[in-house]
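Report on the following structure.
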Amino acid sequence: MATQAAFLGSTLLSPKLDSSLRRSNRLKTRAQVDPSDKSVEIMRKFSEQYARKSGTYFCVDKGVTSVVIKGLADHKDSLGAPLCPCRHYDDKAAEVGQGFWNCPCVPMRERKECHCMLFLTPDNDFAGQEQTITLDEIKEATSKL
Amino acid sequence: MTSCATTPSTLPFSPLRCVSPFHPTRFLNSPFPRPSISQRGFSCHVAVSSDISSSVTSEEEAEAAAKIGKKVRVTVPLKVYHVMKIPDLDLCGLEGAIKQYVAIWKGKRITANLPFKVEFFIPVEGQDKPVKVLAHLREDEFEYVD
């Protein structure tokens, strides 16, 4: 978007300057690198399996499920363990070592409380009917971000 | 439905500080073209989070250590599902002992919101030995028993 703003003033430019702008337009800065497909697949399978095992369901909005799965995959890649992606941590390495927030986190394991809305008990207003999600659904939902 | 439930909480400060008069953002509103990448020079100083925020004082550690072993009673309805032998267990009214304070780990502060790990021994029908149950509790979910 930033480069689009720069382009608005490009009509008065010489072709040489214009091409340098086009070159710079290819630069995309992203806050973080995407998680690997392998990790996303691992976390997708884990989510399906754990939902079945715990008797919980995915959110009616699969976009929510997708973002959380992707966040878990990202932490798995960067930290070695799927730390809960919906929280802020002072020291991620210590959190991974201690394990309270490693998915499935303690509140989920003990109380079936998942504040990420990844695993929802049937009585939850936002719980859907499904305990499955495909890789395509995840990719489609997260590509719009 | 908004996705605010999955938005990570905002950081109290930005760990990344870009300091330079040549920072690209200064050209965003300018009608003139941005300098090419080779002409842009900016330095980024990354402030690595120091240990100060996550380190625990010896007072805090001592305070936590003092609570271990204390007998407590659960004062709120609290259902747990992780005990294999008792599928749907309500801990309300049960007595146990604090086994661990998990919010401090190797001298570092952990953001656990259920920091008290309490051990219960619960009798089960058809078994001589009571079942050992470990559950994590918040401070306001139990009271100390004399």
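In what follows, chains carry the letters A, B, and so on, assigned in the order in which the sequence lines appear, proteins first and then strands, with residues in each chain numbered from 1. This is a predicted model, so every value here is computed, not measured.
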Value rounded to 0.5 Å, distance of CD1 in B:Ile122 from CG in B:Leu89: 4.5 Å

Chain B-proximal positions within residues 96-109 of chain A [heavy-atom distance under 4.5 Å]: A:Gly97, A:Gln98, A:Phe100, A:Trp101, A:Val106, A:Pro107, A:Arg109

Side chain / backbone / both / neither for B:Ile104 at chain A, heavy atoms under 4.5 Å: neither

Approximate separation, where rounding is to 0.5 Å, of B:Leu137 CG and B:Phe120 CZ: 5.0 Å

Quiz item: cation-pi between B:Lys132 and B:Phe121, 6.0 Å / 45°: no

Distance, nearest 0.5 Å, that separates CG of A:Asp34 from NZ of A:Lys139: 10.5 Å

Option among A:Thr121, A:Leu120, A:Asn124 that satisfies the side chain to side chain contact (heavy atoms under 4.5 Å, CB included) test with A:Thr56: A:Thr121

Side chain, backbone, both or neither of B:Leu134 within contact of chain A (heavy atoms, under 4.5 Å): backbone

Parallel, tilted or perpendicular: rings of A:Phe119 and A:Phe58 (30°, 60°): tilted

Side chain to side chain contact (heavy atoms under 4.5 Å, CB included) partners of B:Arg138, counting only residues at least two apart: A:Arg111, B:Leu114, B:Asp140, B:Glu141

